[in-house]
Amino acid sequence: MLTAEIEKPFSRILAIALIALGPNLYGQITDHTPDPSRNREVHIAVHADRLAAQQIPATIFGSFLEPIGRSTYGGLWAELVENGSLEDGLWSTSEIMRMEREQPELLRASALGLPLPWEPLVSSQGNRYEPRWGDAANSSRSLEIMALPAGETGIRQRIYLPVQRTLEYDGSLWIRHLSGPAQLSISIRKRNAGDRIVAEAKVAASSSDWTRYPFHLTLQPEDVFPLEPADFVLSLSDDARALVDQISLMPADNVDGMDPDIVRMAADLKPSVVRFGGNFTSGYHWQDGVGPRDKRVGRLNLAWGIPEYNTFGTDEFLRFCERVHAQPQIALNLGTGTPEEAAGWVRYVDEHWGDKRGGLLWELGNELWGNWNTGYPAREQIGDRTRVFSEAVRKVDPNSRLIATGADPDNYSEWNAVQLRNPPGTFNYLSTHFVVTTDNVQLHDPSNDFIAKAAFAMPVGLGKKLGEMTEQIQQAGHHDTKIAFTEWLFIGNRQVGARAAPDFNNMGGAVITAGFLNMLLDHAEIVPISDMTGILEFAGIWKRREQVYAAPAYWVLRTYAEAAPQRLVAVESDAPLYSVEHGVTRLPEIQDVPWLDVRAALLADGDLALFCVNRNLERDYRAVISLQGFEPAREATAKTITAPSIYNRNDEDEPDAVGVTTDHPPAGKSTNYTFPHASVVVLRFHRSVPGGA
């Protein structure tokens with residue numbers, strides 16, 4: 001037993017330690033389940049005759065496209081060749097370092113004057129290349145190839161081919177003949193085996209003027225296997241010399257220049273709107289991406305340090321929107337752009353889209369409160385800049401619907417207050433974003449389970465924040481202004497050695513996505529527009545080594561959008577709750593989170609759907625579902641997204657590891673159904689047809 005003399009200093013030391021540790025010591029998940037040891041039934045009562053006042057707009061199931069990573073180039077855009085214009089300055093230093101780590105052979109190629117990521121066909125030949133500035137078919141630079149009297153001299157690039165889908169490939173290049181024989185060979189060869197040609201085309205390029213030459217390549221089955229790298233080669237022989245530029249190679253089955261697998265999967269996502277925006281917006285000039293593609297000039301994408309080839313520009317984006325049956329939502333450049341430039345873009349799009357009547361969604365900038373956006377305004381400038389651009393756009397298109405740049409739900413008040421000083425009607429929506437690292441929690445040394453449960457709870461906390469944002473908007477007199485949630489994404493720590501966490505590319509991210517969509521269903525009246533990050537990469541569609549696949553969150557968004565809920569109906573549930581203390585740093589305190597989260601809605605065809613998220617990592621919930629005001633058919637349809645672990649993911653090697661399973665459980669006015677742990681289920685009750693089964 002401690003003496004009083006020992007107890008007093010010990011208490012002081014303990015108090016100092018607790019103060020130093022702060023709240024981190026006390027972070028916890030509190031399970032409010034009455035008796036967690038009992039696996040009791042959950043009772044869900046659905047009142048189909050008690051409808052919400054507002055319809056659910058399809059625009060809450062939007063997505064967005066930004067040229068980041070391999071979303072556009074190397075993704076949606078079907079071009080197989082990188083840097084076909086043979087330019088320099090298209091990558092940041094960090095991106096060049098990454099490329100050279102992945103392909104050390106590019107160091108030698110760079111020493112020979114070859115632009116990234118081209119290599120010499122025969123490295124031992126030494127320097128037979130010269131970049132030629134000021135003499136080019138496109139942009140500012142071409143490349144001279146100087147063949148030796150014997151053998152071949154050329155350039156090559158590692159590529160991947162979608163041979164699982166097509167063996168036919170179309171291409172073109174620009175050539176200016178300098179001397180020697182006119183023939184140039186274009187081929188696909190086994191990687192690092194220059195003598196093993198699997199497809200070849202030859203062109204007689206005799207013109208001393210820049211001339212475009214098309215070509216076609218046909219492979220045979222098993223010449224190249226899926227996911228296997230190959231070499232794309234241009235070569236000269238017999239002391240020939242020529243300048244080459246603007247090289248292109250595409251699968252012959254491309255759709256308006258786009259990957260058909262991606263177009264199909266994007267259309268299946270049922271995106272009502274597709275946003276063309278992101279951090280690149282503040283340095284993007286739309287005029288660079290219109291006109292003949294062979295003449296468009298590539299630029300450095302300032303936001304991401306990668307090439308903006310401009311071969312996918314406004315016309316291509318509009319064709320994509322048409323293909324996937326979505327309305328375009330375009331972010332204007334309020335960083336380095338001008339009101340006149342923005343008005344010109346609005347005019348151009350209105351002249352090229354749909355019935356040419358305008359009235360489209362236009363976003364006045366992207367995350368302009370962030371110093372990573374080129375030319376970002378100071379906070380006190382944003383209101384005036386928004387108003388000036390709004391006036392310029394409305395002068396061109398009075399019916400345009402404008403989204404002003406708002407701040408994130410957890411840090412919005414001061415920035416949004418400046419925007420709200422503008423007269424009502426300056427904009428129709430204030431944007432908000434929530435891109436959050438899920439394992440950044442206040443608790444010191446958290447368990448993986450703590451991170452997951454805290455992350456799963458975030459949508460509940462976000463819903464409360466959106467209500468507060470709306471209150472500020474209303475108090476400012478902008479009574480008709482709504483919120484547009486134009487980016488949302490949940491990210492696990494990407495660093496090597498980091499803890500496992502829910503992430504956009506694993507099943508845990510799918511659980512958060514469903515919780516977020518359930519929250520949006522509740523708040524659709526004040527948040528009628530939402531764009532998940534993104535339709536390509538992150539939580540959407542991926543392409544690696546020409547294999548197209550989807551992140552688990554894609555299947556959640558697709559399943560919700562396919563159901564197309566029209567109007568919420570009342571739901572009562574006795575599902576147990578839990579609370580989070582000192583969880584994810586940006587939303588650390590969240591109370592009353594349902595372990596089993598359920599929304600119900602009537603669908604366009606008269607069916608009734610339940611949108612269900614089981615946040616429990618271990619417990620399956622047996623539920624008794626009673627339906628009031630609705631006569632169900634004897635069989636329901638259940639679409640389930642789940643996996644053996646919340647850390648399971650899809651990739652190019654296992655593209656279907658996590659997906660949707662469909663079954664048809666028996667149904668009635670009272671239905672028993674078990675929701676698997678860590679799962680998303682859309683349970684559809686079909687309306688009984690008189691005289692039917």
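Source: prediction; values computed, not measured.
Summarising the geometry, atom CG belonging to L602 is positioned 5.5 Å from atom CG belonging to L608; distances are rounded to the nearest 0.5 Å. Summarising the geometry, atom OG1 belonging to T533 is positioned 11.5 Å from atom CD1 belonging to I535; distances are rounded to the nearest 0.5 Å. Distance check, rounded to the nearest 0.5 Å: CG of L402 to OG of S400 gives 4.0 Å. Distance OG/S431 to CZ/R275: 7.5 Å, rounded to 0.5 Å. Summarising the geometry, atom CD1 belonging to I262 is positioned 6.5 Å from atom CD1 belonging to I541; distances are rounded to the nearest 0.5 Å.
Comment: R264 does not engage D259 in a salt bridge, judged by the lack of any side-chain N to carboxylate O separation of less than 4.0 angstrom. Between K465 and D410 there is no salt bridge, since none of the side-chain N atoms of the basic residue sits less than 4.0 Å from a carboxylate O of the acidic one. Remark: K669 engages E631 in a salt bridge, criterion side-chain N to carboxylate O under 4.0 Å. Ionic pairing of R40 and D35 is not present here: no N-O contact between side-chain nitrogen and carboxylate oxygen is shorter than 4.0 angstrom. A salt bridge links E562 with K639: at least one charged nitrogen is closer than 4.0 Å to a carboxylate oxygen. Of the charged side-chain nitrogens involved, at least one lies within less than 4.0 Å of a carboxylate oxygen, so that D445 and R499 count as a salt-bridged pair. Taking the charged nitrogens against the carboxylate oxygens, D522 and R599 do have a contact shorter than 4.0 Å, which makes a salt bridge. The residues R544 and E537 are annotated as salt-bridged, a charged nitrogen and a carboxylate oxygen being separated by less than 4.0 angstrom.
Tested against W595 for a ring-ring contact (aromatic ring centres under 6.0 Å, His included), the candidates Y621, F456, Y578 yield a single pass: Y578.
Side chain of D503 to backbone of G492: a donor-acceptor contact under 3.5 angstrom is found. Here the side chain of D261 pairs no donor or acceptor atom with the backbone of V548 at under 3.5 angstrom. The main-chain N or O of A553 is never found under 3.5 Å from a side-chain atom of T513 such that the two would form a donor-acceptor pair. Counting only distance, with no hydrogens or angles, the side chain of Q419 and the backbone of T405 share a donor-acceptor pair below 3.5 Å. Between the side chain of R567 and the backbone N or O of A53 there is at least one donor-acceptor pair closer than 3.5 Å. In this structure a side-chain-to-backbone donor-acceptor pair under 3.5 Å is present from R615 to P594. Counting only distance, with no hydrogens or angles, the side chain of R687 and the backbone of G606 share a donor-acceptor pair below 3.5 Å. Counting only distance, with no hydrogens or angles, the side chain of H478 and the backbone of N422 share a donor-acceptor pair below 3.5 Å. Looking only at distances, a side-chain donor or acceptor of N416 sits under 3.5 Å from a matching main-chain atom of A407. Counting only distance, with no hydrogens or angles, the side chain of T437 and the backbone of D439 share no donor-acceptor pair below 3.5 Å.
No side-chain heavy atom of E654 sits less than 4.5 Å from a side-chain heavy atom of R649. A heavy-atom distance below 4.5 Å is not found between the side chains of V511 and N614. Counting heavy atoms from C-beta outward, T637 and D663 have side chains that stay 4.5 Å or more apart. In this structure the side chain of L361 reaches within 4.5 angstrom of the side chain of I403, judged on heavy atoms. Side-chain atoms of I491 and F504, non-hydrogen and from C-beta on, do get closer than 4.5 Å to each other. You'll find the side chain of T438 reaches within 4.5 Å of the side chain of M458, heavy atoms only. Contact annotation: the side chain of F276 never approaches that of T281 to less than 4.5 Å [non-hydrogen atoms, C-beta and beyond]. In this structure the side chain of W488 never reaches within 4.5 angstrom of the side chain of T432, judged on heavy atoms.
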Can H677 and E618 be said to form a side chain to side chain donor-acceptor pair (under 3.5 Å), step by step?
CA-CA 6 Å; H677 60 281; E618 299 172 346; over 6 Å; no
Going through the checks in order, is the side chain to side chain donor-acceptor pair (under 3.5 Å) test met by D449 and S447?
CA-CA 5 Å; D449 283 3; S447 67; 5.6 Å; no
For a side chain to side chain donor-acceptor pair (under 3.5 Å) check, start with the C-alpha distance between D531 and S63, then their side-chain angles and the critical distance, and finish with the verdict.
CA-CA 4 Å; D531 310 312; S63 191; over 6 Å; no
How far apart are the C-alpha atoms of E471 and Q475, what are their side-chain angles, what is the distance that settles it, and do they pass the side chain to side chain donor-acceptor pair (under 3.5 Å) test?
CA-CA 6 Å; E471 181 64 25; Q475 288 181 357; 2.9 Å; yes
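Taking the six-membered ring for Trp, Y673 and F675 have ring centres closer than 6.0 Å. Aromatic ring centres of F485 and F516: separated by under 6.0 Å. Separation of the F685 and F630 ring centroids does not fall under the 6.0 Å cut-off.
Using cut-offs of 30° and 60° for the angle between ring planes, the F317 and F320 rings count as tilted.
Remark: N411 CG is loosely packed, at most 12 non-hydrogen atoms of other residues, nucleotides or ligands lying under 6.0 Å away. Other residues, nucleotides and ligands contribute over 12 non-hydrogen atoms within 6.0 Å of the CG atom of D605.
Between A501 and N506, the closest heavy-atom pair is O-ND2, 3.0 Å.
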